[in-house]
Amino acid sequence: MGAFFVLPLALSACGGDGGVPGNAVVKIGPDTIKTTAFDHWFKIAATSQAQQGGATAAVTLPDPPSYAKCIAQKKKTAAKPAKGQPNPTDATYKAQCEQEYTTLRDQVMQFLISSAWIEGESADRGVKISDTDVKKDFDKQRQQSFPKDKDYEAFLKSSGYVQEDLLYRVKVQDLSNKLRTKILEGTDKVSPAQISNYYNKNKSKFAVPEKRDIRIVLTKTEGQAKKAKAALASGQSWKQVASKYSIDQGTRDTGGLMSGVAKGQQEKALDTATFSAKKGAVGGPIKSQFGYYVFEVEKITPGTQQSEKESSASIKQLLVSQQQQTKLDAFVKDFQKKWKGRTECAKSYATTDCKNAPKPKASTAAPSNTATTGTPTTGADSSGGSTTDK
């Protein structure tokens with residue numbers, strides 16, 4: 001299913017201003033997400049990850065703190081070591097299990113938290129979505145992903161999802177989209193003065209420079225260059241002369257031709273000479289760091305300048321994009337500060353999104369969805385989905 005189906009989230013009010021209750025993994029404002037909800041989501045996340053790796057059998061979950069079941073399963077399925085190599089120890093397997101658990105735990109927690117943040121921000125801003133609209137969107141996406149009912153039922157059975165999970169995922173995504181629209185209200189307006197100002201400061205971006213087709217012969221010595229020039233004056237073709245005298249591997253077999261050269265693309269000595277020369281006149285020899293050049297400008301294509309009127313549509317699109325990014329960047333900064341300040345996690349479940357987040361180590365976990373996308377999202381593909389306790 002890819003990113004289409006992820007997790008639903010329902011918060012339960014715990015009342016009071018104390019810390020995280022013993023039966024919860026996180027407290028966001030007055031609401032909590034219970035451990036039973038986390039466990040369900042964790043199982044689906046592990047199942048999803050295992051299926052992506054090609055597993056078809058029942059998943060053995062990493063089981064802290066001893067990881068006994070996980071260790072036993074790894075021993076059972078481990079490949080036989082190469083000849084002369086020792087079998088992995090229990091400590092090695094335990095380290096693998098612990099890493100797997102930590103990765104999955106962080107993914108699930110980050111999604112649980114970001115989903116709650118999106119719902120909370122939507123409520124604060126008066127952003128709503130009706131159940132009817134959610135169902136309509138869900139039906140459309142389900143039909144695209146599973147045209148046959150039997151395939152959809154098989155997906156639910158293998159993944160552990162229930163339909164309420166999937167409806168919730170659509171709801172959160174729709175809320176996220178509506179939030180983005182609300183945040184960006186007014187950013188699609190650009191005045192003529194803004195367009196003129198940008199055009200006048202960036203005229204070169206709307207210009208096509210003059211280009212020239214040039215023929216060259218590059219030689220090691222000035223004497224050879226003079227011989228090449230004399231040969232051209234005697235009526236020999238550029239193809240003949242370049243083949244005989246030029247040491248430039250890129251052009252000697254094409255009559256010394258360099259097509260569509262803009263000013264500044266060649267070494268300075270050649271560039272200065274060819275862009276000050278008249279069309280059709282053989283010039284040189286000129287000394288350069290590579291040797292001596294004889295040249296002729298064969299064709300001149302004049303440069304063009306796009307007018308402000310011709311450029312206005314693309315300038316407006318660019319300015320709108322800049323305004324929107326600025327608005328989104330400011331929103332994300334405030335959004336994360338606001339909701340992280342309200343988010344307290346149980347110690348063994350703390351991630352970077354918690355105000356009591358552990359201090360970063362040398363190798364840190366991937367940033368949460370809201371930090372990487374610029375706007376709140378619901379993506380946590382490996383997390384699976386479930387309902388939560390109320």
Side-chain angles (χ1 to χ4, degrees), residues 3 5-15 17 19-21 24-35 37-38 40-42 45 104-129 134 164-185 327-346 349-358 364-390:
F5 291 127
V6 284
L7 311 175
L9 172 64
L11 298 176
S12 60
C14 64
D17 298 317
V20 183
V25 294
V26 60
K27 179 182 177 185
I28 303 174
D31 301 318
T32 62
I33 300 173
K34 292 186 178 180
T35 307
F38 171 87
H40 181 74
W41 292 34
F42 185 88
L104 289 169
R105 179 202 65 191
D106 288 353
Q107 289 174 348
V108 172
M109 287 299 295
Q110 286 169 357
F111 181 73
L112 284 167
I113 291 168
S114 65
S115 295
W117 287 5
I118 291 168
E119 288 197 286
E121 188 67 21
S122 297
D124 287 355
R125 291 177 178 260
V127 174
K128 300 177 182 179
I129 183 77
V134 170
E164 287 73 15
D165 302 343
L166 312 181
L167 285 166
Y168 180 80
R169 182 269 181 257
V170 174
K171 176 184 176 182
V172 172
Q173 187 60 57
D174 287 348
L175 285 173
S176 183
N177 291 338
K178 281 196 163 192
L179 264 178
R180 187 178 191 278
T181 299
K182 190 174 184 67
I183 293 159
L184 295 180
E185 284 178 354
K327 193 71 176 287
L328 287 173
D329 288 346
F331 166 77
V332 169
K333 183 178 180 180
D334 292 341
F335 172 82
Q336 290 181 321
K337 182 179 180 180
K338 169 184 174 179
W339 288 100
K340 185 172 183 176
R342 301 179 182 183
T343 302
E344 182 180 0
C345 297
Y349 296 90
T351 69
T352 55
D353 289 328
C354 312
K355 66 181 180 182
N356 58 326
T364 57
S368 66
N369 298 322
T370 54
T372 58
T373 59
T375 54
T377 67
T378 58
D381 297 350
S382 63
S383 305
S386 82
T387 54
T388 62
D389 296 332
K390 296 185 179 181

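Throughout, numbering of the chain's residues begins at 1 and tracks the sequence.
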Problem set entry | Pair Arg125-Asp334, salt bridge (Lys or Arg N to Asp or Glu O under 4.0 Å): steps then yes or no | CA-CA 14 Å; Arg125 291 177 178 260; Asp334 292 341; over 6 Å; no

Exercise. Mind checking whether Trp117 and Phe335 have parallel, tilted or perpendicular rings, split at 30° and 60°?
Worked result: perpendicular

Exercise. Of the options Asp124, Asp353, Asp31, which is the one that meets Arg342 in a salt bridge (charged side-chain N to carboxylate O under 4.0 Å, His left out)?
Worked result: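 So the option named by the test is Asp124.
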
Problem set entry | Heavy-atom side-chain proximity of Tyr168 to Glu119 below 4.5 angstrom | yes

Restricting to non-hydrogen atoms, name the atom on [X] and the atom on [Y] that form the minimum distance, rounded to 0.1 Å.
X	Y	value
Val134	Asp174	CA-OD2, 4.3 Å
Gly120	Trp339	C-CZ2, 3.3 Å
Lys355	Lys340	CB-O, 3.2 Å
Ala24	Ala346	O-CB, 3.9 Å
Ala350	Cys345	CA-CB, 3.7 Å
Val25	Val20	C-CG1, 4.1 Å

For this session: Hey, could you give me the CE/OG1 distance between Met109 and Thr343, rounded to the nearest 0.5 Å?
Result: 9.0 Å

Exercise. So how far is it from Leu328 CG to Arg180 CZ, rounded to the nearest 0.5 Å?
Worked result: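 The CZ atom of Arg180 is 5.0 Å from CG of Leu328, to the nearest 0.5 Å.
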
Between [X] (side chain only) and [Y] (backbone N and O only), is there a donor and an acceptor less than 3.5 Å apart?
X	Y	value
Ser114	Phe111	yes
Lys327	Ile183	yes
Ser122	Ile118	yes

For this session: Given side chain to side chain contact (heavy atoms under 4.5 Å, CB included), test Val26 with Phe38 step by step and report yes or no.
Result: CA-CA 10 Å; Val26 60; Phe38 171 87; over 6 Å; no

Exercise. Please walk me through it: do Lys171 and Leu167 pass side chain to side chain contact (heavy atoms under 4.5 Å, CB included)?
Worked result: CA-CA 6 Å; Lys171 176 184 176 182; Leu167 285 166; over 6 Å; no

Problem set entry | Lys128, NZ atom: more than 12 neighbouring heavy atoms under 6.0 Å |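 Incorrect, the count does not exceed 12.
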
Exercise. Could you go step by step and tell me if Gln110 and Thr352 meet the side chain to side chain contact (heavy atoms under 4.5 Å, CB included) rule?
Worked result: CA-CA 8 Å; Gln110 286 169 357; Thr352 55; 3.9 Å; yes

For this session: Given side chain to side chain contact (heavy atoms under 4.5 Å, CB included), test Thr351 with Ile113 step by step and report yes or no.
Result: CA-CA 10 Å; Thr351 69; Ile113 291 168; 4.1 Å; yes

